[in-house]
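In what follows, a single structure is set out as structure tokens and then discussed.
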Amino acid sequence: MIYFDYNATTPIIPHARRAMIEAFDCLGNPSSVHAHGRKARKLLENAREQVANYFSVPARNITFTSGATEANNMILKGFEGRIFVSAIEHDSALNIRKDTTIIPVDSNGIVELETLKTLLSTVNLPALVCVIAVNNETGVVQPIDEILQICSDYNAHLHVDAAQAVGKIHLNWNRLSSFTISAHKFGGPKGIGALVINGSLQLNTLIEGGGQERSLRAGTENIIGAIGMGAALTAPQFNWETLLPLQQHLEENLLDICPDAVVFAKKTQRVSNTTAIAMPGVLSEVQLMHFDLNGISVSSGAACSSGKVKTSHVLKAMGISDELSKCALRISYGWNTTKEDINQCIAVWASLFDLQNQKNIKGRARYA
Ligand code: PMP
């Protein structure tokens, strides 16, 4: 089996696995005052330091959560004021609040900066802008520095969903009002992430109970997860740039085989590990099954819920027709991906294309 779904989740790196296995022997609850509790607290705070060091922010700015979904919910529901969210956000940010104002994107999936300025110029309440740094479906990178400048001109907070960005792009982490991370997107375990708040953003709490995480997020902390996340960020980091030639090789070949195919946002700045492509006339689920039957795990560009393929709100916001969007495929890769894997993926795409052409020829013959 070949894995081409890194944007859904990545393999756990050995460094993180080892650290977690060791941590399983830690008995105490970090809130307990006895020696066992203190030991657990030390491990948890050490993990927090590791995360903080990676992003060059003070450790107290980090609140551990169950992942990016919770962190996005926490900031958006906890913020008192007006919320502006880009049209291409992950579902965990998009319509979390009914009073959300959507910021449109252009045909390349980039936030419309002039519209953002116009929107912000009309508010007098505290405002929070939420933008995904790297889109999970297309890999498109947002101009976060420019958005930050606009937010600061209009006195608005900027929250960045960086779930897909960590390690892949450079951001001025300590200048963002807040950001979200999720360990399983960079070699850590599932079920742990963080909301990082820089400065003095006041939030209403989502989960109440004990006073953990400076009373921002009650509940006994996921120490093993936090240790896994800290270890993933202190391990020697993968250079995502090394995937660029593979991405180029993949896309050139896929387009050579099927010249009508569309690579979404091809000319825009994208991360090196994501190819969102559509083979017109072949539904995503048919493509996905064909790849699966041939030993390759890819994802449909559209989000699947209850067995139905719904068209992607991301592609829709970019002005892509529903017809084409229903044929979208997301191929995402990472540190274990080899040129042979990419060639295998190309071969399976070619066989899908041939199969489809044969079907079309047979269909035409039947009606001739
Ligand atoms: N935001 C983005 C951009 C994502 O890609 C994801 C995961 N697909 C999430 C948020 C949610 O992350 P988690 O799985 O940690 O809840």
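Numbers here simply count residues along the sequence, with the first being 1. Counting starts at 1 for both ligands and their atoms, following the listed order.
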What are the atoms of ligand 1, with element, lying closer than 4.0 Å to any heavy atom of A163? 1 (N), 2 (C), 3 (C), 4 (C)
Does ligand 1 come near enough to V134 that some N or O of the ligand is less than 3.5 Å from an N or O of the residue? no
Please determine, by modelled atom types, if N61 and N198 share a side-chain donor-acceptor pair under 3.5 angstrom. yes
Which heavy atom of the protein is the closest neighbour of atom 12 (O) of ligand 1, given with residue, atom name and distance? A68 CB, 3.3 Å
If the threshold is 4.0 Å, N to carboxylate O, is there a salt bridge linking D99 and R82? no
Going by distance only, is there an N or O of S182 that falls short of 3.5 Å from an N or O of ligand 1? yes
Can you tell me how far OG of S351 sits from CD1 of I346, rounded to the nearest 0.5 angstrom? 12.5 Å
Could you tell me if the side chain of T10 sits less than 4.5 Å from the side chain of W335, heavy atoms only? yes
With the threshold set at 4.0 Å, does a side-chain nitrogen-carboxylate oxygen contact exist between R48 and E221? no
Nearest non-hydrogen protein atom to atom 14 (O) of ligand 1, with distance, is H184 NE2, 2.9 Å
What protein heavy atom lies closest to atom 7 (C) of ligand 1? Include the residue and the distance to one decimal. K185 NZ, 2.7 Å
Below 4.0 Å from any atom of ligand 1, is there a heavy atom belonging to S92? yes
Which ligand 1 atoms, with their elements, are less than 4.0 angstrom from a heavy-atom of D161? 1 (N), 2 (C), 3 (C), 10 (C)
Short version for N135: what comes under 4.0 Å of ligand 1, heavy atoms counted, is neither
Under 3.5 Å side-chain donor-acceptor pair for Q149 and D153: yes
Just say parallel, tilted or perpendicular for the rings of W240 and F238, cut-offs at 30° and 60°. perpendicular
Of V129, I144, I132, L148, which is the lone residue that meets side chain to side chain contact (heavy atoms under 4.5 Å, CB included) with V160? I144
Does any non-hydrogen side-chain atom of L27 lie less than 4.5 Å from one of H36? yes
Given that the side chain starts at C-beta and the backbone is N, CA, C, O, which of these parts of E70 lies under 4.0 Å from ligand 1, counting heavy atoms, or is it both or neither? neither
Is there a polar contact between ligand 1 and N7, counting only N or O atoms under 3.5 Å apart? no
Using a 3.5 Å cut-off on N or O atoms only, is T69 in polar contact with ligand 1? yes
Show which atoms of ligand 1 fall inside a sub-4.0 Å distance from at least one heavy-atom site of G67. 15 (O)
Ligand 1 atoms in contact with Q164 (distance to a heavy atom under 4.0 Å): 3 (C), 4 (C), 5 (O)
Atom 4 (C) of ligand 1 - nearest protein heavy atom and its distance: H90 CD2, 3.5 Å
So do V51 and V196 actually touch side chain to side chain, heavy atoms under 4.5 Å? no
